[in-house]
Amino acid sequence: MLNRSLSTFMNAFTASDFTMYPFSTQNGKDFQNLLSVYLDAVFFPCLRELDFWQEGWRLENENPTDPTSPLVFKGVVFNEMKGAFSDNERVYAQHLQNKLYPDHTYGVVSGGEPLAIPDLSWEQLKHFHATHYHPSNARFFTYGDLPLEQHLKQIQEEALSKFERTEPDTAVPNQPHWDRPREDHVTCSPDAMAPDAAKQNTLCMSYLLGDITDTFEGFTLSLLSSLMISGPNSPFYKTLIEPKIGTNFSSVVGYDGSTKEASFSIGLQGMAEEDTEKVKQIIVQTIDEIIANGFEEERIEALLHKIEIQMKHQSTSFGLSLASYIASCWNHDGDPVQLLKISDSVAQFRQALKDNPRFLQEKVLHYFKDNTHRLTLSMSPDEAYLEKQVKAEEEKLQKKVQALSESDKKDIYEKGLELLSVQSKIQDASCLPALKVSDIEPTIAVTPVEMGTAGGVPVQYCEQPTNGMVYFRAMCSLNTLPEDLKLYVPLFCSVITKMGCGGLDYRQQAQQMELKTGGMSISTSVNPDYSNMDMYEQVSPRAGVVRCIHSNVCFCVIFQIPHFDDEERLRVLVMMSAQELANGISYSGHMYAMTRAARSLTPTGELQETFGGMEQVKFMKRIAEMPDLTQVLRTLPRIKRHILNPLNMRCAVNSTPQKMSDAAGQLDNFMSNVASNKKDRKPVRSDITERLLDPLAAPGSGPSRKLITEPNFKPCQMKTFFPMPFPINFVSECIRTVPFTHEDYASLNILSRVMTAKYLHREIREKGGAYGGGARVGGGLFTFYSYRDPNSVQTLSTFRKSVDWVRSGQFTQQDIDEAKLSVFSAVDSPVAPSNKGMGRFLSGITDELKQAHRERLFAVTDKSLVDVAGRYLGIGQRTCGVAILGPENDTIKKDPSWVVK
């Protein structure tokens, strides 16, 4: 359906005690189509045995066409869960839940413990569906501006009317309370990217709280959790993070209301084994201190202010967020409407605090100090962990294989051939409803913006219905920044709002930001030029006082006088940042592989690897290992002098018309203050091209982007392999093609969707067993990727075969139309009021350029697809980069064309 609709979201979620099937679209006809398919899929699935083998698990010959090749486990979910459990944070979180709630459904792995999956039979799956996937056990949620009556009529006719009411026995009983606390220990794989190899232990204390259907108690405990752990003013941050005993809080931390009875967890990761007792003592002492001293009134106010702003902020996934927010409580028969009345809970909370100033301290006493249902779980790395997993899988496999007779093996071989044959056939999807290309709007809605200046700095003003909020962004060019400072820029961005500024230390700064803004973030951004692959704008930070009502508060001071003198504070931030980067690899490995593969193909690719690729992960690991950070402290002010310079800036403000003149006035004051930092610094490079943000304006009449040109850049082939402690691979191949405004870009965009939907999905996921894979276009590159993939070099061969498949023209007009629907669902995805006009502001891509691209997309034909595949993706035509992150690989190690990191 991804290719037959204009959906803005489609997925299925597995929680510990429910599954959820959400979709969204902006088209009424599409909504009915998707609702029809979702109702049919959930209540009347085919659940054929072949589906179970492909998606769940199967025993099959390694090479399905060779009966003498060894039997192995295969299956999409089997490989997905192996991938999920290669993430130490996920392993820890799973054990913590299983051991805190051992007596019922939370004591097992809802997604499937990898080695338990081969014990599931097709019959068990069908029985589970028949007993659980019934309207009597279902809840329906819709959100939006379409009339509700039509939805109810359709749900009634297509699903409810075909069932008799039953009494499902699916209530989750309460976990029996322990009369004394428990302790347990688990092991995990060592992490080669950990900031400190000698400190890889985790310890956490987890407390069982009350039933989540008590909505006010849940609200209070969630707020209490934030007061205890969020930001540098919280007691646990002061006692656990700042002494640098560990790198960060444990992967599970704070209030968790996703189970029938909530829990609260507090602990550390990245700590030494000998600090275990010390951490336990600190947690107990901190709880005692909270009971004695309570919380400052200003901190409580800051948190309530944050909630107020979150309620006003409009995101494009608001409906989906609401559905996720109410799902757990509603699933256990709580009142979802009461849960959404957040203003009522805030008022009730204020009243409770007024009536009893010790209200929160009494909660801490009851739920933490006097609570005997407490689990202390520690985790340590085991050098033989992966080896033991491989051995356990091998033993399980051998046990299954030894129980087979010769006729069983013959049967498996024949079933494998049958599955391969089914997978190789084009499925007839004509029974599924589909929109037509003619259902797509031919033109885009124009976003009006006004250009102005503040203190001599160009500003883009965009009036939007932002619920009375003011959103501010500043873009700062890095063109004058010396090369040796570039690797430090992401670190600069992550610490500049957390080190203190002006007369405020970092704690006071955090408090003021929470009281007066909805948050501030600063990040790097590399924007390739829309018409030239070897031109780009390196900008950073993209600074936003996001969701900010008083847009002038802390910004000025942070820009003007950030503190870069506290080495202890910097070390805390460096350790947290390095730990987060290391933890993210197993979850986002495909992104790292894609970034690395693109590195040698464009100047932009090289910079993106520096700012956000494996190079940055390794750099942060090196910084975290430094015994002395004074050199880093000296580097940060040098970056500030280059970045926070009004001559290199442009700004954007999105707000309601009523707030705009006030915002413009504040911005003017702010920029006048910043102007004192104005210094003409020579660009490090001479090859800079100025391009007007509005291409239709007269030269010199408006703000411009300063683009760096690399006329001598030579793209080169490069294959990089990163050995990782995962049992699965992340694979990517990137090919240099053409920029956004080139006439072939639209054809390459459609081509990527045709290849993904009609070839790569089948070969990489259905046959190959990877959790995901496909092709995408962006930044002048055509990128292939796979995610949680049991194969490595074979997947690269699949990428190449997909090009041959396209060139042989084995696709239909229907396939092209479906790809267009899929591309337009992304092109036309909703944009929040706070982000309107950002394409123009960031990249200079105006509504006129977008409309021209849209017309080229409509015009793509089968001939143009075959043509661009041959000209850009054919062997001999292309310059490509390849990257794989995965387990040790002998084939790659023996091949001298690979660089092994």
Side-chain angles (χ1 to χ4, degrees), residues 79 81-96 98-99 113-115 184-204 244-253 267-276 279 376-394 574-589 592-593 614-627 720-730 788 790 792 884-890 892-893 900-901:
N79 286 316
M81 294 312 293
K82 275 174 70 175
F85 279 93
S86 65
D87 174 356
N88 288 345
E89 290 191 297
R90 168 71 188 265
V91 169
Y92 188 80
Q94 189 64 64
H95 280 300
L96 192 68
N98 296 161
K99 292 173 190 298
E113 161 68 46
L115 289 189
D184 212 328
H185 179 77
V186 294
T187 59
C188 65
S189 170
D191 183 357
M193 304 306 291
D196 183 342
K199 290 182 164 186
Q200 294 196 41
N201 282 47
T202 296
L203 177 108
C204 171
K244 298 184 285 296
I245 307 162
T247 52
N248 206 339
F249 285 128
S250 44
S251 60
V252 182
V253 66
L268 280 177
Q269 60 180 312
M271 52 178 272
E273 196 162 355
E274 58 265 26
D275 286 330
T276 300
V279 171
T376 304
L377 182 67
S378 55
M379 179 169 81
S380 60
D382 173 2
E383 290 296 336
Y385 182 81
L386 275 180
E387 211 176 294
K388 287 175 185 170
Q389 278 195 317
V390 170
K391 192 175 169 212
E393 186 179 329
E394 188 55 37
V574 162
M575 295 303 276
M576 289 175 91
S577 182
Q579 184 72 58
E580 279 165 18
L581 284 172
N583 290 347
I585 298 174
S586 65
Y587 187 73
S588 308
Y592 282 106
M614 290 299 288
E615 189 180 346
Q616 182 63 216
V617 178
K618 295 197 160 187
F619 172 72
M620 282 306 296
K621 177 174 160 58
R622 285 202 305 276
I623 297 277
E625 287 166 350
M626 285 181 179
T720 316
F721 176 67
F722 291 91
M724 286 286 172
F726 311 148
I728 37 79
N729 296 280
F730 299 97
R788 291 185 178 163
S792 56
I884 297 179
L885 281 72
E888 294 289 346
N889 190 313
D890 289 339
I892 288 176
K893 278 194 168 161
V900 179
K901 284 287 174 187

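Since the structure is predicted, the reported quantities are computational estimates derived from the model, not experimental observations. The analysis underlying the following values was restricted to heavy atoms, covering all of them including side chains, and did not include hydrogens, waters or symmetry mates.
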With heavy-atom distances below 4.5 Å as the criterion, would you say the side chains of [X] and [Y] are in contact?
X      : Y      : answer
Glu113 : Gln94  : no
Met724 : Pro887 : no
Thr720 : Lys901 : yes
Leu885 : Tyr592 : yes
Cys204 : Thr376 : no
Gln616 : Phe619 : yes
Gln200 : Asp191 : yes
Asn889 : Phe721 : yes

_Heavy-atom count check: over 12 atoms from other residues, nucleotides or ligands less than 6.0 Å from Tyr587 OH?_
no
*Test side-chain contact (heavy atoms from CB on, under 4.5 Å) applied to Met193 and Lys618, step by step*: CA-CA 7 Å; Met193 304 306 291; Lys618 295 197 160 187; 3.6 Å; yes
Non-hydrogen atoms of [X] and [Y] that approach each other most closely:
X      : Y      : result
Cys188 : Asn88  : CB-OD1, 3.5 Å
Leu115 : Ala392 : CD1-CB, 3.5 Å
Val91  : Phe85  : CG2-O, 3.3 Å
Ala624 : Ala578 : CB-CB, 3.9 Å
Asn79  : Ile728 : O-CG2, 4.1 Å
Ser250 : Leu203 : CB-O, 4.3 Å

Roughly how far apart are [X] [atom1] and [Y] [atom2], rounded to 0.5 Å?
X      : Y      : atom1 : atom2 : answer
Glu89  : Met379 : CD    : CE    : 8.5 Å
Ile623 : Met626 : CD1   : CE    : 4.0 Å
Met620 : Glu615 : CE    : CD    : 13.5 Å
Lys199 : Lys244 : NZ    : NZ    : 9.5 Å
Ser251 : Leu96  : OG    : CG    : 8.0 Å
Glu383 : Ser189 : CD    : OG    : 8.5 Å

*Begin with the C-alpha distance, continue with both residues' side-chain angles, and end with the deciding distance and a verdict on side-chain contact (heavy atoms from CB on, under 4.5 Å) for Lys82 and Glu393.*
CA-CA 11 Å; Lys82 275 174 70 175; Glu393 186 179 329; 3.1 Å; yes
*Show the numbers, then the answer: is there a side-chain contact (heavy atoms from CB on, under 4.5 Å) between Ile585 and Phe726?*
CA-CA 10 Å; Ile585 298 174; Phe726 311 148; 3.9 Å; yes
*Apply side-chain contact (heavy atoms from CB on, under 4.5 Å) to the pair Lys621 and Leu581, showing each step before the final yes or no.*
CA-CA 9 Å; Lys621 177 174 160 58; Leu581 284 172; over 6 Å; no
*Going by atom types only, do Ser380 and Asn201 share a side-chain donor-acceptor pair under 3.5 Å?*
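Ser380 vs Asn201: no donor-acceptor pair found between side chains.
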*Is there a donor-acceptor contact under 3.5 Å from the side chain of Tyr92 to the main chain of Leu377?*
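Between the backbone of Leu377 and the side chain of Tyr92 there is a qualifying donor-acceptor contact (under 3.5 Å).
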*Between the main-chain N or O of Ser577 and the side-chain N or O of Glu580, is there a donor-acceptor pair closer than 3.5 Å?*
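Checking the backbone N and O of Ser577 against the side chain of Glu580, no donor-acceptor pair under 3.5 Å is found.
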Give every donor-acceptor pair under 3.5 Å between a side-chain atom in residues 268-275 and any protein atom, sequence neighbours left out.
residue, atom, partner, partner atom, Å
Gln269, OE1, Gln579, NE2, 3.4
Gln269, OE1, Asn583, ND2, 3.2
Gln269, NE2, Phe249, O, 2.9

_Taking Glu387 first and then Lys391, would you say they form a salt bridge - that is, a charged N and a carboxylate O separated by under 4.0 Å?_
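No, this pair does not count.
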